[in-house]
Visitor: 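There's a structure below that I have some questions on.
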Amino acid sequence: MSQDILNILKNAFPSAIVEQETETGDYLEIKPGEWFEIATFLHDTPELHFDSLQCITGVDWGPEAHLEVRYNLHSMKHKHKLEIRIVLDRETPEVPSVEKIWRVADWFEREVYDMYGIVFTGHRDLRRILLPDDWIGWPLRKDYETPETYHGIVVPKIKEEWE
Amino acid sequence: MGVLEHKFQDNIVVASIDKLLSWARSTSPWYFQFGLACCAIEMMATAASRHDLERIGMMPRSSPRQADVMIVSGTVTLKMGLRVKRLYEQMADPKYVIAMGSCATSGGPYWQYGYHVLKGVDLVVPVDVYVPGCPPRPEALLEGLLKLQEKIRHERPLTRKTGT
């Protein structure tokens, strides 16, 4: 991330950017509140022109810590890229959806929701994408416990008896 | 067939209907064509020209209602496990199941930590032949299919079971 992008963003959204101790230039951490406006700004401003959302990643930092969402943006025109990180509360993880800005975010956000239970507010079709609809729990969270049965199918946990 | 044997010309074979039925079943077990993971690639290789499943009378059918054998080729997730069970129930009797590869046999590499993987397809449907391997080579699958044919050939579908 170049310094220019950071300056443009700091001027446009002075309160949304979380101050960092070391600005290594790899990523930018923002608060979840204004994310939709920032994303629209990143997409529509001609000198930024982030037309490609390459990836959305969910991160769980452990049962005592927070959840996190990361967005990897890239501009086909200017050939620059940017990583946005949003730290979320573990109890009520909610972040505005950017599915209306980058259509590819539709399935990305559904997958992050499926695995981490992070709710993307404003998403028009937020369902599980890989797991069955009646699945209980968020499997990639660190404190997830494998269910013992699924529709009467036993999922053996203790493996010693089987070997 | 002591009495009737060799009474007719050479192109008439006399056999008991029981043996004939199991022989006919064993030599044309049509398999249900669906692949779940990488084992399906080996199953396709087995069906293709080099190994050629049709020379032992097996051909793929796309509908469970026309199939006799279900080759569970690959990782069965819990979500798919319910569907595998339903597909098995839709097949007409007599029906057989082959668990191909370590995933279908026991969960394979997902044995310990795969929260979404069925730990062996025999938890859902009865399995006739297990083919080990990850994935099994086409020769191994052929061996398993020949074992299944042998099993079918020893069945006596019309003989009433007495005693136990």
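Chain A is the first sequence line, chain B the second, and so forth, proteins listed ahead of strands; every chain is numbered from 1.
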Visitor: Side-chain atoms of residues 51-64 of chain A: list all donor-acceptor pairs with protein atoms under 3.5 Å, sequence neighbours left out, distances to 0.1 Å.
Guide:
{"residue": "A:Asp51", "atom": "OD1", "partner": "A:Met76", "partner atom": "N", "Å": "3.0"}
{"residue": "A:Asp60", "atom": "OD1", "partner": "A:Gly62", "partner atom": "N", "Å": "3.0"}
{"residue": "A:Asp60", "atom": "OD1", "partner": "A:Arg90", "partner atom": "NH1", "Å": "2.8"}
{"residue": "A:Asp60", "atom": "OD2", "partner": "A:Arg90", "partner atom": "NH2", "Å": "3.3"}
{"residue": "A:Asp60", "atom": "OD2", "partner": "A:Lys142", "partner atom": "N", "Å": "2.7"}
{"residue": "A:Trp61", "atom": "NE1", "partner": "A:Glu68", "partner atom": "OE1", "Å": "2.8"}

Visitor: Taking heavy atoms only and a threshold strictly under 4.5 Å, list by residue number the residues of residues 133-157 of chain B that touch chain A; give 'none' if the list is empty.
Guide: none
Visitor: Please say yes or no: joined through hydrophobic side-chain contacts below 4.5 Å, possibly via intermediate residues, are A:Leu88 and A:Ile17 part of one cluster?
Guide: yes
Visitor: What heavy-atom pair brings B:Leu123 and A:Val154 nearest, and what distance separates the two atoms?
Guide: CD1-O, 3.7 Å
Visitor: Check for me, please, whether B:Val131 and B:Val125 land in the same ILVMFWY cluster - side-chain distances under 4.5 Å, paths through other members count.
Guide: no
Visitor: Given the rule that I, L, V, M, F, W and Y join up when any side-chain heavy atoms are under 4.5 Å apart, are A:Leu126 and A:Phe108 in one cluster?
Guide: yes
Visitor: More than 12 foreign heavy atoms under 6.0 Å from CZ of B:Arg50: is that the case here?
Guide: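 Result for CZ/B:Arg50: open.
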Visitor: How about residues 70-99 of chain B versus chain A: which residues have heavy atoms under 4.5 Å apart?
Guide: B:Leu78, B:Lys79, B:Leu82
Visitor: Search all heavy atoms of B:His116 against all heavy atoms of A:Trp135 and return the closest pair with its distance.
Guide: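 Closest approach of B:His116 to A:Trp135: CA-CH2, 4.2 Å.
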Visitor: Is there a chain of hydrophobic side chains (I, L, V, M, F, W, Y, each step under 4.5 Å between heavy atoms) that links A:Leu67 to A:Ile30?
Guide: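 Yes: a chain of side-chain contacts under 4.5 Å links A:Leu67 to A:Ile30.
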Visitor: Return each pair, listed once, that meets ring-ring contact (aromatic ring centres under 6.0 Å, His included) where at least one residue sits in residues 13-63 of chain B; pairs must be two or more places apart or across chains.
Guide: B:Phe32-B:Phe34
Visitor: When you group the ILVMFWY residues by side-chain heavy-atom contacts below 4.5 Å and let the links chain together, are A:Phe36 and A:Phe13 in the same group?
Guide: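 Yes.
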Visitor: Is it the side chain or the backbone of A:Leu130 that comes within 4.5 Å of chain B heavy atoms, both, or neither?
Guide: backbone
